[in-house]
Every structure is written in C-alpha cells, then in structure tokens.
Amino acid sequence: MLSITLGAGGGSIGGGTDHHRRLGPRRDAGLFPRTGVVPFVALLLLQRRPVAGRALLVTGPGCPGHGLCRSNVQEQTRRQVALLNATAQDLFSLYLKCQGEPFSSETDRLCNPSGIFFPAFRVNRTSERKEVMVAMYKLFAFLNASLGNITRDQEELNPTAKELLDRLHNTTKTTRGLISNLTCLLCKNYNVFQVDVSYGESSKGKSAFKKKQQGCQVLRKYVQVIAQAARVLLPHLSPP
C-alpha cells in the first residue's frame, strides 16, 4: 500500500496506509481561475487493493486565497450534487444495456455491490456541516477515480457505445467540478486543506467479464450512495 501526500511542493510516496490529499496548492491557481482549486488527478488508479484512510483535518496557513471561489460556489455545488443524483440511475441502466448478457438478466447477482470497497458515509442531516463536507469530498474523490477506471474499460470493451461513453465523460466532468467546489468551500469556510482519501481496486489486468462486473457493482453502489449524499448535503447548501 502506498501513502501519498500532495502539497505545493509536490507528492511524496511512502509505505503507509493513509492518503493525504492536500487541497489547493497556490501554484495551480492560474490553471483554474474562478472555478475553485484544480481538481486532483487520481494517482492511485493502478492500486491493487482498496486503502482506507482516517479523516485527517489539518487547519493552518495552507489554504489558497479565497478569491479562487466563485460567488455562487455554494449554489453551483448544490446543482452538481442534484444533477449527479438525477442521472445516476440512467447511467447504471445504460451501462447494463451495453454489457449485454448475462448482466441484463442477472443484475441482482452479478452487480451486488456488497463485496466491493466504497468509502464509508456515516453523516446525516444533523451532522456538523464541516463533517458533511469532508465526507462528501472523500466520496467524490473516490468516485472520480472509479469513473476513470470504468471509462477506460468501456473505451476498450465497448468503443462504439457512444451514448454510454458520453454519459461517463459527462459524469466525470461534473464530479471533477464538484471536487473543485468542495475544495474551495472547505478552505474558505473551515481552513481545511488536507483530507485523507481512499481509492478502490483497479480493474487493470482482469478479464473482460470481471471488468464489466466491477463497473456494474461500483455504479450500482453509486446509485445508492449518491441518493443518500443528496439527502444529506442539499439541506446544508440551501439558501437561508
């Protein structure tokens, strides 16, 4: 297992179990003006096993200037979560359709997500807003890496499935924008610039069937979790 800490000085790789994602290095600010801090590249896509991390909230002088946030960042974040929630089931259904049999007829058995790793999501509507934001960041950082994994596999296995590939790319784009906005809100409101994140298992080297099954399991779990996330987060982002 690897441990990676990202900061203004670059990344370091070691032999621990925690992944510290440092939010908002100033040197990247010019790359993403007005939209928040640069979305992070999923460095651990090739990892063979899931790695769980503790919530590590480090506060201090490491956050970038608040000018990186758009004035409507909170409303934009709310809309992104609502959009992901509204389109998750359609994405899963389209994915199933493109995989063919036996996935269409044996969905419950083949796409059961109980055996896969997914970040724990233990917050609720009564949780502190800061705690909710951190949990959301960890969830969508994981999802962004998983979507990259699934998209790569589908480009290989179903290169002519244009609608599915477009949906995957659009969902990934929305997720990256959401990560950027959550980064901005965490820094601006709570001076949080470092959070442990966890990434799931890569499908590289697996058979075509296993790649399809892993994508199916992740997307089914995503449908369940994004609905819960929307119920929890949207009230925290609603106008007063």
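Along the sequence shown, residues carry numbers from 1.
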Checklist outcome for this item: Hits for ring-ring contact (aromatic ring centres under 6.0 Å, His included) against F92, two or more places apart or cross-chain, chain-then-number order -> none
Checklist entry - With distance as the sole test, does Y95 use its side chain to make a donor-acceptor pair with the main-chain N or O of K212 at under 3.5 Å? => result yes
Next on the checklist: Is it the case that the side chain of Q214 and the backbone of E201 share a donor-acceptor pair, with hydrogens and angles ignored and the cut-off at 3.5 Å?
Outcome noted: yes
Checklist entry - What residues form a ring-ring contact (aromatic ring centres under 6.0 Å, His included) with F118, not counting sequence neighbours? => result F142
Checklist entry - Do T172 side-chain atoms and L168 backbone N/O form a donor-acceptor pair below 3.5 Å? => result yes
Checklist entry - Within the distance-only criterion (no hydrogens, no angle test), does the side chain of S203 pair as donor or acceptor with the backbone N or O of K206 below 3.5 angstrom? => result no
Checklist entry - P102 versus L110: any side-chain heavy-atom pair under 4.5 Å? => result yes
Checklist entry - Are R152 and N149 linked by a side-chain donor-acceptor pair shorter than 3.5 Å? => result yes
Next on the checklist: What verdict does the salt bridge (Lys or Arg N to Asp or Glu O under 4.0 Å) test give for R220 and D108, after you've listed the backbone C-alpha separation in whole Å, the side-chain angles of each residue and the deciding distance to 0.1 Å?
Outcome noted: CA-CA 10 Å; R220 189 165 200 181; D108 288 342; 2.9 Å; yes
Checklist entry - Would you say L83 and L178 are hydrophobically clustered, going by side-chain heavy atoms of ILVMFWY under 4.5 Å? => result no
Item to check | same_hphob_cluster(V225, M133) at 4.5 Å side-chain heavy-atom cutoff | outcome: yes
Checklist entry - Going hydrophobic residue to hydrophobic residue with side-chain gaps under 4.5 angstrom, can you get from I179 over to Y190? => result yes
Checklist entry - Would V197 end up clustered with F117 when hydrophobic side chains under 4.5 Å apart are linked, directly or stepwise? => result yes
Checklist entry - Going by distance alone, is a donor N or O of one side chain under 3.5 Å from an acceptor N or O of the other, for N72 and Q76? => result no
Checklist outcome for this item: The single option from Q99, E156, Q154 that satisfies side chain to side chain donor-acceptor pair (under 3.5 Å) with K211 is E156
Checklist entry - Within a reach of under 6.0 Å around CD of Q228, are more than 12 heavy atoms found that belong to other residues, nucleotides or ligands? => result yes
Item to check | Neighbour count >12 (heavy atoms, 6.0 Å) for atom CZ, R79 | outcome: no
Checklist entry - Judged by atom type as modelled, is there a donor-acceptor pair below 3.5 Å linking the side chain of S104 to the main-chain atoms of E101? => result no
Checklist entry - Cut-off 3.5 Å, side chains only: do T151 and E155 have a donor facing an acceptor? => result no
Next on the checklist: According to a hydrophobic-cluster definition based on side-chain heavy atoms being under 4.5 Å apart (Ile, Leu, Val, Met, Phe, Trp, Tyr only), do L94 and V223 belong together?
Outcome noted: yes
